[in-house]
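Below is one structure, written out as C-alpha coordinates; comments come after it.
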Amino acid sequence: MGNLDTGIISLLIASGTLLLSLLTLARIQRMRLEKEYRLRNEESTRIASETHQMRTELNALKEQIRELHKLLTETA
(Lines give C-alpha, C1' and ligand atoms only; values in the text may rest on other atoms or scores of the structure.)
Protein backbone atom coordinates (compact mmCIF):
# COMPACT_ATOMS: atom_id res chain seq x y z
CA MET A 1 0.00 0.00 0.00
CA GLY A 2 2.92 2.34 0.68
CA ASN A 3 4.11 2.22 -2.93
CA LEU A 4 0.59 2.99 -4.13
CA ASP A 5 0.36 6.03 -1.83
CA THR A 6 3.79 7.24 -2.99
CA GLY A 7 2.74 6.80 -6.63
CA ILE A 8 -0.47 8.75 -6.09
CA ILE A 9 1.39 11.53 -4.30
CA SER A 10 3.96 11.65 -7.12
CA LEU A 11 1.16 11.78 -9.67
CA LEU A 12 -0.55 14.61 -7.77
CA ILE A 13 2.72 16.56 -7.59
CA ALA A 14 3.34 16.06 -11.32
CA SER A 15 -0.25 17.12 -12.12
CA GLY A 16 0.07 20.19 -9.91
CA THR A 17 3.35 21.14 -11.56
CA LEU A 18 1.82 20.73 -15.00
CA LEU A 19 -1.22 22.78 -14.00
CA LEU A 20 1.00 25.55 -12.62
CA SER A 21 3.06 25.54 -15.83
CA LEU A 22 -0.07 25.79 -17.97
CA LEU A 23 -1.43 28.65 -15.86
CA THR A 24 1.89 30.47 -16.17
CA LEU A 25 1.91 29.95 -19.93
CA ALA A 26 -1.67 31.21 -20.17
CA ARG A 27 -0.72 34.33 -18.20
CA ILE A 28 2.25 35.01 -20.47
CA GLN A 29 0.06 34.58 -23.55
CA ARG A 30 -2.57 36.91 -22.11
CA MET A 31 0.08 39.56 -21.42
CA ARG A 32 1.38 39.25 -24.99
CA LEU A 33 -2.12 39.58 -26.43
CA GLU A 34 -2.85 42.60 -24.22
CA LYS A 35 0.35 44.26 -25.43
CA GLU A 36 -0.49 43.51 -29.07
CA TYR A 37 -4.03 44.83 -28.58
CA ARG A 38 -2.70 48.01 -26.96
CA LEU A 39 -0.21 48.58 -29.81
CA ARG A 40 -2.87 48.05 -32.47
CA ASN A 41 -5.24 50.35 -30.62
CA GLU A 42 -2.57 53.06 -30.45
CA GLU A 43 -1.87 52.61 -34.16
CA SER A 44 -5.58 52.85 -34.99
CA THR A 45 -5.89 56.01 -32.91
CA ARG A 46 -2.88 57.53 -34.68
CA ILE A 47 -4.27 56.65 -38.11
CA ALA A 48 -7.67 58.10 -37.19
CA SER A 49 -6.02 61.31 -36.05
CA GLU A 50 -3.98 61.58 -39.24
CA THR A 51 -7.09 60.89 -41.33
CA HIS A 52 -9.00 63.63 -39.52
CA GLN A 53 -6.15 66.07 -40.09
CA MET A 54 -5.97 65.17 -43.78
CA ARG A 55 -9.73 65.63 -44.17
CA THR A 56 -9.51 69.03 -42.53
CA GLU A 57 -6.70 70.04 -44.89
CA LEU A 58 -8.63 68.65 -47.88
CA ASN A 59 -11.72 70.63 -46.94
CA ALA A 60 -9.62 73.79 -46.63
CA LEU A 61 -8.15 73.14 -50.09
CA LYS A 62 -11.61 72.54 -51.55
CA GLU A 63 -12.76 75.84 -50.12
CA GLN A 64 -9.76 77.63 -51.65
CA ILE A 65 -10.50 76.00 -55.02
CA ARG A 66 -14.13 77.16 -54.80
CA GLU A 67 -13.00 80.70 -54.04
CA LEU A 68 -10.50 80.66 -56.93
CA HIS A 69 -13.12 79.26 -59.27
CA LYS A 70 -15.54 81.97 -58.21
CA LEU A 71 -12.91 84.68 -58.80
CA LEU A 72 -12.06 83.25 -62.21
CA THR A 73 -15.68 83.08 -63.31
CA GLU A 74 -16.32 86.63 -62.07
CA THR A 75 -13.38 88.03 -64.02
CA ALA A 76 -14.13 86.08 -67.17
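Any value given below was found using the heavy atoms of this structure, including those in side chains, with hydrogens, waters and symmetry copies removed.
Rounded to the nearest 0.5 Å, atoms CG (Leu11) and OG1 (Thr6) are 12.5 Å apart. In this structure, the separation between CG on Leu58 and CD1 on Ile65 is 8.0 Å, given to the nearest 0.5 Å. One distance of note links CG of Asn59 with CD of Glu63; it measures 9.0 Å at 0.5 Å rounding. Note that CD1 of Ile13 and CG of Leu18 are 13.5 Å apart. Values are rounded to the nearest 0.5 Å. To the nearest 0.5 Å, the span separating CG on Leu23 from CZ on Arg30 amounts to 11.0 Å. The line from OG of Ser15 to CD1 of Ile8 is 11.5 Å long, rounded to the nearest 0.5 Å.
The side-chain heavy atoms of Glu42 and Leu39, taken from C-beta on, include a pair separated by under 4.5 Å. Side-chain contact between Glu57 and Gln53 is present, with heavy atoms from C-beta onward closer than 4.5 Å.
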Kindly indicate, with the supporting measurements, whether the criterion side chain to side chain contact (heavy atoms under 4.5 Å, CB included) is fulfilled by Glu74 and Leu71.
CA-CA 5 Å; Glu74 287 175 357; Leu71 285 173; 4.3 Å; yes
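Between Glu36 and Arg40 there is a salt bridge, with a side-chain nitrogen of the basic residue lying less than 4.0 Å from a carboxylate oxygen of the acidic one. The pair Arg38-Glu34 does not meet the salt-bridge criterion, since no charged nitrogen lies less than 4.0 angstrom from a carboxylate oxygen. Using a cut-off of 4.0 Å between Lys/Arg side-chain N and Asp/Glu carboxylate O, Glu50 and Arg46 are scored as salt-bridged.
In this structure a side-chain-to-backbone donor-acceptor pair under 3.5 Å is present from Thr45 to Asn41.
By the neighbour-count criterion of 12 heavy atoms within 6.0 Å, atom CZ of Arg66 is densely surrounded, having more than that number from other residues, nucleotides or ligands.
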